[in-house]
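Atoms within each ligand, like the ligands themselves, are counted from 1 in listed order. Note that the structure is a prediction, hence the values are computed from the model and not measured.
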Amino acid sequence: MIKHLGLKAYGKINLGLDVLRKREDGYHEVRMIMQTVGLYDRIDLVCCSEPGIKVETNLYYLPNNENNLVYQAAKLLMDEFGIKHGVGIKLKKFIPVAAGMAGGSSDAAAVLFGVNRMFGLGLSMEQLMERGVRIGADVPYCIMRGTALSEGIGEVLTPLTAMPQCQVLIAKPALSVSTRFVYENLHADKLKTQDHPDIDGMVNAIEKGDLCKVAGLLGNVLETVTIPAYPVIGHIKEAMTRYGAAGTLMSGSGPTVFGLFTNPKTAAAAYEQLRHGRDSGLAKQVYLTNFYNRRES
Ligand code: ATP
């Protein structure tokens, strides 16, 4: 048994997000292009002799009980395998919270991976993914990582060729967007053809490694709801375009916006502008990172 594991839980962005329909059970059927980025939360997993799961986080407003997804991930495997030891989980958040970057799902994915390793449970990545979906639709993807097409409610995954490297500027305005609000106000039947991103075209461009084409095809149907409700999201996109982004998009249900930059110097200058320059009032959190394409932990 391993006593301590240091884990990294990487965030994701959506290069494409389309909603096909609302199912009878209330879930939405989606087609998304997922991409892991180099921004990560740190998780320390410690094995203790006394039973139970103890969660500590650096953010006072996050739950440290069974409502935290890391707790749920540890409990799921510990119950199934009758693990008598306890675990301590120290979570240090860097991925913006409730921002459309799947931070919580990625933390859960890392803990599933870590508990499997710590107690030698012998589960394969596929078996971890099967269990992960019980915690959240994005958890299987967060176990898989890299560039992927995600369908169904997000759990039907097809790995794609890794994207060529590029700089990703991430900016989150100081507001929270309820995912529920966005989906409730998305009327899939009323959308126009041009509201839907060309997911098949993007899969094609990714398979060819054509970054410029990918940047030109970025599209998220949820922007039709979120941008009119929160215009600052549109203002951040405009600023990034002005500073030379090849493409910009809102990730998930927002409010995080990202810009893709093919030139590292242009990306660094855009980061400075959003962080300290004329447009520093638009976003509260700004990060410059890149695509993270390693699939193994
Ligand atoms: P998605 O992209 O999947 O919609 P998100 O970025 O919108 O995810 P998260 O950051 O994962 O949202 O968290 C949303 C909510 O889940 C938070 O408001 C928080 O109360 C709760 N939560 C539970 N566990 C975690 C965790 N480990 N990290 C962040 N939030 C968590």
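Residue contacts with ligand 1: Val97 is placed with no nitrogen or oxygen under 3.5 Å of a nitrogen or oxygen of the ligand (distance criterion only). Distances between N or O atoms of Val70 and those of ligand 1 include no value under 3.5 Å. An N or O contact shorter than 3.5 Å links Ala99 to ligand 1 by distance. Of the N or O atoms in Leu91, none lie within a sub-3.5 Å distance of an N or O in ligand 1. The shortest N or O to N or O distance between Ser253 and ligand 1 is not under 3.5 Å.
Although no hydrogens or angles enter the test, the distance criterion places no donor-acceptor pair under 3.5 Å between the side chain of Ser251 and the main chain of Val257. A donor-acceptor contact shorter than 3.5 Å is absent between the side chain of Asn116 and the backbone of Leu112. In this structure a side-chain-to-backbone donor-acceptor pair under 3.5 Å is present from Tyr141 to Thr36. At distances below 3.5 Å, at least one donor-acceptor pair connects side-chain atoms of Gln72 with backbone N or O atoms of Glu66. Looking only at distances, a side-chain donor or acceptor of Glu223 sits under 3.5 Å from a matching main-chain atom of Met250. When atom types are taken as modelled, the side chain of Asn293 and the backbone of Met163 share a donor-acceptor pair closer than 3.5 angstrom.
Relative orientation of the Tyr292 and Tyr10 rings is parallel, given thresholds of 30° and 60° on the angle between their planes. Using cut-offs of 30° and 60° for the angle between ring planes, the Phe119 and His85 rings count as tilted.
The option from Ala98, Ser178, Ala102 that lies nearest to atom 9 (P) of ligand 1, judged by heavy atoms, is Ala98. The residue from Leu59, Asn67, Asn65 that puts a heavy atom closest to atom 23 (C) of ligand 1 is Asn67.
The nearest protein atom to atom 24 (N) of ligand 1, hydrogens excluded, is given as Leu69 N, 3.0 Å; this is a heavy-atom distance. Distance from atom 11 (O) of ligand 1 to its nearest protein heavy atom, with residue and atom name: Gly104 N, 2.7 Å. The protein heavy-atom contact nearest to atom 19 (C) of ligand 1 is Leu62 CD2, 3.7 Å. In terms of protein heavy-atom proximity, atom 4 (O) of ligand 1 is nearest to Thr179 OG1, 4.2 Å. Protein heavy atom in closest approach to atom 25 (C) of ligand 1: Asn68 OD1, 3.7 Å.
Close contacts between ligand 1 and Asp138 involve ligand atoms 3 (O) [criterion: under 4.0 Å to a heavy atom]. The ligand atoms of ligand 1 that sit less than 4.0 angstrom from a heavy atom of Asp107 are 26 (C), 27 (N), 28 (N). In the vicinity of Lys93, heavy-atom distances shorter than 4.0 Å reach the ligand 1 atoms 28 (N), 29 (C). Close approach of ligand 1 to Met101 is summarised as follows: ligand atoms under 4.0 Å from at least one heavy atom of the residue are 2 (O), 6 (O).
In this structure, atom 21 (C) of ligand 1 is not in close contact with the protein, since no protein heavy atom lies within 4.0 Å of it. Protein non-hydrogen atoms do reach within 4.0 Å of atom 29 (C) of ligand 1. Within the 4.0 angstrom cut-off, atom 16 (O) of ligand 1 has no protein heavy-atom neighbours.
Distances from ligand 1 to the non-hydrogen atoms of Gly103 include at least one value under 4.0 Å.
With rounding to the nearest 0.5 angstrom, the NZ atom of Lys93 is 8.5 Å from the OH atom of Tyr61. In this structure, Asp107 CG and Asn68 CG are separated by 7.0 Å, a value rounded to the nearest 0.5 Å.
A salt bridge links Glu80 with Arg131; the closest basic N to acidic carboxylate O contact falls under 4.0 Å. The pair Lys208-Asp210 fails the salt-bridge criterion, with no side-chain N (NZ, NE, NH1 or NH2) lying under 4.0 Å from an Asp/Glu carboxylate O.
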